[in-house]
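The structure under discussion appears below in the form of structure tokens.
Heavy atoms only: backbone and side chains are in, while hydrogens, waters and symmetry mates are out.
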Amino acid sequence: MPPPNTFTSDTFGARQPFTSDAFGFNDGREVGLRDYIFSRPDVETKLRNDPQAVIDAISEHNAKKGMITLGRAKIDKCNDLLSKLDPPPKTLVELGCYVGMSAIGWGDSLKKLNESTSETCKVFTTELDETIASVARDLIALAGLDDVVTVLDGPAAETIRKIKTEGQIDTVDVMFFDHWQEAYLPDLKECENLRVLRKGTLILADNTDVPGTPDFNQYLEDSNKYHVERYETEAKMAKIVLAATVIEVP
């Protein structure tokens with residue numbers, strides 16, 4: 001299994017084995033994605049400053065190369081959930097950036113939902129691997145969102161502590177879990193301990209069905225502090241987006 005920097009599953013069918021070769025991490029495919037994107041003849045005329053065009057280009061390439069990203073079906077479902085929040089979300093923390101495709105989606109969504117005050121929107125996304133983080137930064141900048149999205153190198157819990165201590169965040173409107181499944185519950189508890197979550201914070205999580213996060217799911221369901229819902233998408237695998245709203249500050 002590759003290092004636990006991110007692990008999502010929209011590309012393969014349900015019988016695809018979970019192997020590092022199949023899922024393609026840290027083997028040059030990430031840098032290859034960047035090279036492909038920036039070598040396209042339409043990089044300046046079509047992709048530059050167009051987040052959705054960049055997302056589509058990443059998705060098309062990654063599907064051919066066996067790279068795992070959140071996927072259009074789940075991005076659209078998450079954006080639908082964000083659009084229903086009142087007031088609109090302005091601060092989002094993503095655990096598990098990988099090549100930045102979902103972070104681009106978050107940044108674009110927050111800007112659109114806060115059109116008159118978009119300069120106050122912030123997305124913080126974590127990535128363990130420095131090379132992959134650099135790929136994500138370049139693609140986020142291409143999408144015109146480097147003023148909104150910040151890629152932070154390092155383990156998720158450590159990064160959250162750092163930005164909380166430094167005052168970059170107080171509480172967050174949305175928290176997205178999409179990194180290493182074994183870290184979901186410990187990192188959720190760290191967010192609770194740091195008082196990052198507030199009443200009304202929306203917690204979103206991918207891969208809670210496949211590969212599965214039973215301890216994380218059970219913890220949320222057993223608590224009287226969260227209201228949990230599941231949304232099925234048309235993704236090929238890991239179809240469920242789990243959404244948990246904080247109803248009492250943990």
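Remark: the backbone N or O of Ala243 is not paired with any side-chain donor or acceptor of Arg230 at under 3.5 angstrom. The backbone N or O of Val93 lies less than 3.5 Å from no partner atom in the side chain of Lys122, so there is not a single donor-acceptor pair. Not one N or O on the side chain of Lys162 forms a donor-acceptor pair closer than 3.5 Å with the backbone of Glu158. Of the possible donor and acceptor atoms, one in the side chain of Thr126 sits under 3.5 Å from a partner among the backbone N and O of Gly96. Without hydrogens or angle criteria, Thr159 side chain to Pro155 main chain gives a donor-acceptor distance under 3.5 Å. A donor-acceptor pair under 3.5 Å links the side-chain atoms of Glu127 to the main chain of Tyr98, judged by distance alone. Of the possible polar contacts, none joining the Asn49 side chain to the Ala143 backbone as a donor-acceptor pair under 3.5 Å is found. Without hydrogens or angle criteria, Arg137 side chain to Val151 main chain gives a donor-acceptor distance under 3.5 Å. With hydrogens and angles ignored, the 3.5 Å screen pairs a side-chain donor or acceptor of Ser39 with a backbone N or O of Asp35. In terms of modelled atom types and a separation under 3.5 Å, the side chain of Asp209 and the main chain of Gly212 share no donor-acceptor contact.
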task: In sequence, state the C-alpha distance, the side-chain angles, and the governing distance for Leu95 and Asp178, and then conclude on side chain to side chain contact (heavy atoms under 4.5 Å, CB included).
output: CA-CA 6 Å; Leu95 308 183; Asp178 192 21; over 6 Å; no
message: Determine whether Leu197 and Glu192 satisfy the following criterion, side chain to side chain contact (heavy atoms under 4.5 Å, CB included), listing intermediate values before the conclusion.
response: CA-CA 6 Å; Leu197 308 177; Glu192 293 178 343; 4.1 Å; yes
task: Check the pair Thr117, Lys90 against side chain to side chain donor-acceptor pair (under 3.5 Å), reporting the backbone distance first and the verdict last.
output: CA-CA 9 Å; Thr117 57; Lys90 290 187 175 183; 3.3 Å; yes
task: Given side chain to side chain contact (heavy atoms under 4.5 Å, CB included), test Trp180 with Asn207 step by step and report yes or no.
output: CA-CA 10 Å; Trp180 194 244; Asn207 303 314; over 6 Å; no
- prompt: Could you walk me through whether Thr201 and Thr245 pass the side chain to side chain contact (heavy atoms under 4.5 Å, CB included) check?
  reply: CA-CA 6 Å; Thr201 293; Thr245 302; over 6 Å; no
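Asn224 and Glu248 share no donor-acceptor pair across their side chains, judged by distance under 3.5 Å alone. Checked by atom type, the side-chain pair Ser102/Glu94 shows a donor-acceptor distance below 3.5 Å. Inspection of the Ser83 and Lys112 side chains reveals no N or O donor paired with an N or O acceptor under 3.5 Å. For the residue pair Thr213 and Asn217, a side-chain donor N or O sits within less than 3.5 Å of a side-chain acceptor on the partner.
The shortest side-chain heavy-atom distance between Met175 and Val196 falls under the 4.5 Å cut-off. Residues Val54 and Asp50 fail the side-chain proximity criterion, which asks for heavy atoms closer than 4.5 Å. Under the 4.5 Å side-chain criterion, counting only non-hydrogen atoms from C-beta, Val172 is in contact with Ile169. Using a 4.5 Å heavy-atom threshold, the side chains of Thr233 and Ile240 count as separate. Side chains of Leu188 and Leu220 form a contact here, defined as non-hydrogen atoms less than 4.5 Å apart. Contact annotation: the side chain of Arg195 approaches that of Val249 to within less than 4.5 Å [non-hydrogen atoms, C-beta and beyond]. Residues Glu221 and Gln218 have side chains in contact (heavy-atom distance under 4.5 Å, counting atoms from C-beta outward). In this structure, the side chains of Phe177 and Thr208 stay at 4.5 Å or more apart for every pair of heavy atoms.
Counting heavy-atom neighbours within 6.0 Å of Gln168 CD, excluding the residue itself, gives a total above 12. By the neighbour-count criterion of 12 heavy atoms within 6.0 Å, atom CD of Glu130 is sparsely surrounded, having that number or fewer from other residues, nucleotides or ligands.
Look at Lys77 and Asp80 and you find a salt bridge, because one of the NZ, NE, NH1 or NH2 atoms lies within 4.0 Å of a carboxylate O, short of that distance. Under 4.0 Å is where a charged nitrogen must lie from a carboxylate oxygen, and between Arg198 and Asp173 at least one such pair does. Looking at Lys111 and Glu115, no side-chain N of the basic residue comes within less than 4.0 Å of a carboxylate O on the acidic one, giving no salt bridge. The residues Arg48 and Asp42 are annotated as not salt-bridged, no charged nitrogen and carboxylate oxygen being separated by less than 4.0 angstrom.
The hydrophobic clustering, which links ILVMFWY residues whose side-chain heavy atoms are closer than 4.5 Å, places Ile247 and Leu85 apart. Leu242 and Tyr226 fall within the same hydrophobic cluster, where Ile, Leu, Val, Met, Phe, Trp and Tyr residues are linked whenever their side-chain heavy atoms come under 4.5 Å apart, directly or through other members. When the side chains of ILVMFWY residues are joined at heavy-atom separations under 4.5 Å, either directly or via intervening members, Val99 and Val31 end up in a single hydrophobic cluster.
Asn114 and Pro88 make their closest contact through OD1-CB, 3.5 Å (heavy atoms, listed as atom of the first residue, atom of the second, distance). Minimum heavy-atom separation, Val241 to Cys78: CG1-SG, 4.0 Å. Minimum heavy-atom separation, Val228 to Ala244: CG2-CB, 4.1 Å. Residues Ser109 and Leu82 approach most closely at OG-CD2, 3.9 Å, considering heavy atoms. Of all the heavy atoms in Cys121 and Val148, the pair that sits closest is O-CG1, 3.8 Å.
Atoms CD and CG, on Glu234 and Asp76 in that order, are 10.0 Å from each other to the nearest 0.5 Å. Note that CG of Asn79 is 8.0 Å distant from CZ of Arg72, once rounded to the nearest 0.5 Å. Atom SG of Cys97 is separated from atom CG of Leu152 by 9.0 Å, given to the nearest 0.5 angstrom. In this structure, the separation between CD1 on Ile203 and SG on Cys191 is 7.5 Å, given to the nearest 0.5 Å. The distance from atom NZ of Lys199 to atom OG1 of Thr171, rounded to the nearest 0.5 Å, is 14.0 Å. Atom CG of Asp56 and atom CG of Leu47 lie 9.5 Å apart (nearest 0.5 Å).
In this structure, Tyr184 has its ring center under 6.0 Å from that of His179.
Among residues two or more places apart in sequence or in another chain, the ring pair (Phe, Tyr, Trp, His ring centres under 6.0 Å) test is passed with Tyr36 by His61. The ring pair (Phe, Tyr, Trp, His ring centres under 6.0 Å) test applied to Phe176 returns Trp106, not counting sequence neighbours.
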